[in-house]
Every structure is written in C-alpha cells, then in structure tokens.
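Note sheet for the following structure.
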Amino acid sequence: MILSPRLASVSVLVFLSCLAVTALHAGDSSAGDAQAADWVVVVHGGAGAVTPGTYEPDDEAGMRADLAAALEAAGRILAEGGNSLDAVTEAVRRLEDSPHFNAGRGAVFTADARNELDASIMLGSTGAAGAVAGVQGVRNPILAARAVMERSPHVMLSGSGAEAFARDAGLAFMPVEWFHTERRRRALEAIREDTASLVPPVPAHGTVGAVAIDAAGVLAAATSTGGMTNKRWGRIGDSPIIGAGTWADERCAVSATGWGEYYIRAVAAYDICARLAYLDESLDTAARYVVLERIPAMGGDGGVIALDRAGNVSMPFNTAGMARGMARADGLVEVALFKDE
Ligand code: ASP
C-alpha cells in the first residue's frame with residue numbers, strides 16, 4: 001500500500017505508540033529522563049468513560065490517528081526551532097478540526113442543540129493569555145483565543161462579541177451543520193430520553209488540550225471544548241478560564257479536562273503550578289494531589305496534562321480513561337486512550 005508522506009508518518013507514530021506506552025499509565029506519569037529532551041509536547045483528547053468498547057473501531061482508530069497527527073504537527077514545529085505557543089496552537093487547531101473530539105467540529109450539543117465553544121491559551125514566559133467563551137460558527141476557537149491574546153487588550157471575549165472579534169480578525173467561520181456529528185446528536189437524544197429533566201449536564205469526553213516546552217525552555221498551554229452535553233445555553237466551563245482549565249508560567253503548564261464546574265472551583269490548573277512554586281512539590285505530586293484527591297473530594301472528576309520546565313510530564317486522571325499522547329525531541333512518541341495502556 002502506498003501511503004502519502006503525511007499518512008505514512010502518522011502510521012509510524014501510531015506504530016511507535018504501540019511500542020512505548022508505559023509512561024502513559026494513569027498516574028505513572030513521569031516522562032523518564034527529562035533532561036534528554038529539549039522539547040516536549042503533550043496533548044489530551046478528553047477524560048471520561050474512555051474504555052475499550054466505548055467506541056466504534058473506526059472512531060477509536062480515528063482518535064488515535066488524530067492525536068498522533070496533532071503530535072506530529074506540533075513536534076515538527078518544535079523540531080524546526082519553532083516556539084511552544086505555535087506548537088500548542090497547531091496541536092489544538094488540528095484536534096478542533098477532527099470530528100472525533102469535543103472541540104470545534106464534533107463538539108457536544110447544548111440542551112437546545114447548539115454548539116457553543118470555549119477555548120483559551122497562555123504563554124508561560126510572559127503570562128500573556130487569551131480566551132473565548134460561548135462562540136458559535138468559529139471554525140477554530142483556539143485561533144480566536146490566540147487573537148484575543150495578541151490583538152486585543154483583553155483576556156476573554158464571549159458570545160457575539162467574541163464572534164465579531166473573530167470575524168474582524170479574519171478567522172474562518174463555518175455553517176452550524178459543519179460542527180454537527182451523529183455521535184454527539186445521539187448523546188443529546190439519549191439524555192433527553194432519560195425521562196428526568198433532572199439529568200445533569202454530562203461531562204463528555206473529548207475536550208482537547210496541549211502543553212509544550214520549546215528548545216528555549218518556554219512553556220505554553222492551550223485548551224478547547226464544546227463543554228458538556230445538555231449544558232444550559234450560556235454555560236461556561238473551565239476550559240476558557242485562565243487558571244481553571246489552562247495555565248502556563250515559567251515553571252509549569254497545564255491543560256485540564258473533566259467536570260468543569262469543579263475545575264473552576266478548584267482553580268485546578270493554577271493550583272498545580274502554584275504548588276510547585278509555593279510548596280516546592282514535584283509536578284507529579286502536585287498534579288496527582290489536585291486530580292486524584294482534591295477534585296474527587298469535592299465530587300468532581302477528570303484529568304490533566306501537565307509539563308514542567310525540566311520536561312517532566314504528569315497526566316493523572318480519575319476517570320475510566322483519558323485520550324492522551326506525548327512526543328519528545330529524543331524521538332519518543334506515545335498515544336493512549338485507556339487506563340491500562
Ligand atoms: N472541562 C470541560 C467543560 O466542563 C468538559 C470536558 O473536559 O469534558 O466544559
């Protein structure tokens with residue numbers, strides 16, 4: 001079979017991911033000899049009921065291939081001397097375009113069957129940040145978040161104001177149907193049929209995020225989501241909130257996924273990095289405390305990807321699984337979905 005160069009390299013990544021998966025075990029999240037790497041990129045595709053058999057084989061293969069392609073694209077930027085901000089932007093942009101994840105195309109539906117999208121981005125070296133919340137029609141909310149950061153005096157724009165800004169910034173818009181997928185529509189219908197109007201919004205695995213460190217040692221983080229299936233219109237989760245779903249400083253970068261209300265209340269992403277600064281905890285200790293102790297104690301669930309300035313990686317989750325992957329300058333590439341991968 002003749003593969004296009006792009007597909008061929010994705011296949012190599014998927015193959016490599018089968019060879020080296022140990023570091024992606026839940027909680028066993030050290031990246032090993034961090035000093036060996038002069039750049040690292042980590043992505044997630046959401047935490048939740050990610051178990052073998054949850055997905056149609058095509059969906060599962062598509063998720064793995066698209067995570068690998070996002071890592072490949074971000075890794076190429078970093079390998080060519082590009083910066084971590086561009087790397088996380090590109091990784092998330094690609095995952096937004098994938099119908100397999102709950103961000104951009106493929107986002108979950110609100111209770112009134114719309115797609116309202118949230119995204120944010122942060123640069124660790126300067127603390128610059130941008131976010132959009134509750135936008136519709138914007139093809140890549142992460143590009144809108146980055147435009148807010150770089151081309152406005154603001155940090156967060158919402159709803160129609162954010163859409164107008166994205167239009168002025170020349171970003172692509174798509175018709176509403178472009179965002180729709182059968183799988184997410186069925187998920188909304190299943191909740192509606194579940195008699196109880198009491199059924200809460202359901203955390204829908206598939207939020208996407210990326211953290212990276214470049215050869216200059218600069219960290220960045222980005223997150224994008226459609227939120228939760230059946231969410232009330234206007235609901236905003238943790239993903240576009242700097243400090244809750246996304247954080248990067250000079251020590252540490254975090255992108256979160258899970259039940260956003262709890263991540264907001266725990267100021268989760270910031271708390272992990274603050275614990276490094278104020279308590280001198282290791283990245284893994286800090287991330288595991290917040291994800292495996294603090295948030296569950298509040299009643300929430302989910303996971304994070306976290307990266308420190310030494311290149312250590314931690315990706316704990318307290319859900320059945322979390323789509324995730326990592327690529328490093330030393331050639332290591334891994335993709336995993338389930339707990340025991
Ligand atoms: N954190 C996202 C939200 O609450 C959802 C998710 O990560 O699954 O909007």
Side-chain angles (χ1 to χ4, degrees), residues 42-51 54-55 63 67 92 95-96 98 100-104 106-111 114-121 131-136 141-142 145 156 158-159 179 181 183-184 187-188 191 200-211 221-247 254-272 287 290-291 294-296 298-306 315-324 337:
V42 187
V43 296
H44 73 77
V50 185
T51 50
T54 306
Y55 301 101
M63 288 173 77
L67 287 169
V92 169
L95 294 170
E96 287 176 338
S98 164
H100 298 293
F101 299 98
N102 170 23
V108 299
F109 287 96
T110 61
R114 291 188 287 189
N115 302 116
E116 293 183 356
L117 310 173
D118 301 334
S120 66
I121 190 162
V132 292
V135 295
Q136 298 179 61
I142 199 63
M156 183 189 280
S158 70
F179 297 88
T181 55
R183 177 173 152 212
R184 301 302 188 187
L188 178 62
I191 289 179
V202 176
H205 35 96
T207 291
V208 305
V211 293
T223 312
S224 182
T225 191
M228 296 163 84
T229 301
N230 199 35
K231 68 183 181 182
R232 192 184 170 93
W233 71 268
R235 179 266 188 186
I236 292 168
D238 60 311
S239 306
I241 296 181
I242 296 300
T246 302
W247 181 261
V254 175
S255 171
T257 169
W259 197 320
E261 278 70 7
Y262 294 93
Y263 279 76
I264 294 171
R265 289 164 56 200
V267 200
Y270 174 74
D271 193 31
I272 291 170
V290 170
V291 172
R294 182 138 188 258
I295 286 177
M298 296 167 77
D301 63 7
V304 300
I305 52 172
M315 32 186 128
F317 50 91
N318 66 0
T319 46
M322 181 170 81
R324 59 208 187 276
L337 303 182

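As the structure lists them, so they are numbered: ligands from 1, and atoms in each ligand from 1.
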Short list, please: which atoms of ligand 1 are under 4.0 Å from a heavy atom of T257?
6 (C), 7 (O), 8 (O)

Please determine if E261 and R235 form a salt bridge, counting it only when a charged side-chain N lies under 4.0 Å from a carboxylate O.
yes

Steps toward side chain to side chain donor-acceptor pair (under 3.5 Å) verdict (T223, S255):
CA-CA 6 Å; T223 312; S255 171; 2.7 Å; yes

Which of the numbered atoms in ligand 1 are under 4.0 angstrom from any heavy atom belonging to G227?
5 (C), 9 (O)

Does N115 reach the main-chain N or O of A107 with its side chain, forming a donor-acceptor pair under 3.5 Å?
yes

Return yes or no for this condition: an N or O of D238 is under 3.5 Å from an N or O of ligand 1.
yes

Atoms of ligand 1 close to T207 [distance to a heavy atom under 4.0 angstrom, numbered from 1]:
2 (C), 5 (C), 6 (C), 7 (O), 8 (O)

Could you give the distance from CZ (F109) to OG1 (T181), rounded to the nearest 0.5 Å?
6.0 Å

Within the structure, is a non-hydrogen atom of G245 found at a distance of less than 4.0 Å from ligand 1?
no

Considering G237, G258, G206, which one's heavy-atom position lies nearest to atom 2 (C) of ligand 1?
G258

Out of R235, K231, H44, who is nearest to atom 9 (O) of ligand 1 when you count heavy atoms only?
R235

Check: N102 side chain, V108 main-chain N or O, donor-acceptor pair, under 3.5 Å:
yes

Under 4.0 Å to a heavy atom of S239 - the qualifying atoms of ligand 1, by number:
1 (N), 2 (C)

Looking only at N/O atoms, are G260 and ligand 1 under 3.5 Å apart anywhere?
yes

Do the side chain of E96 and the main chain of I142 share a donor and acceptor less than 3.5 angstrom apart?
yes

Using every non-hydrogen atom in the two residues, find where V304 and M322 come nearest and quote the distance to one decimal.
O-CE, 3.5 Å

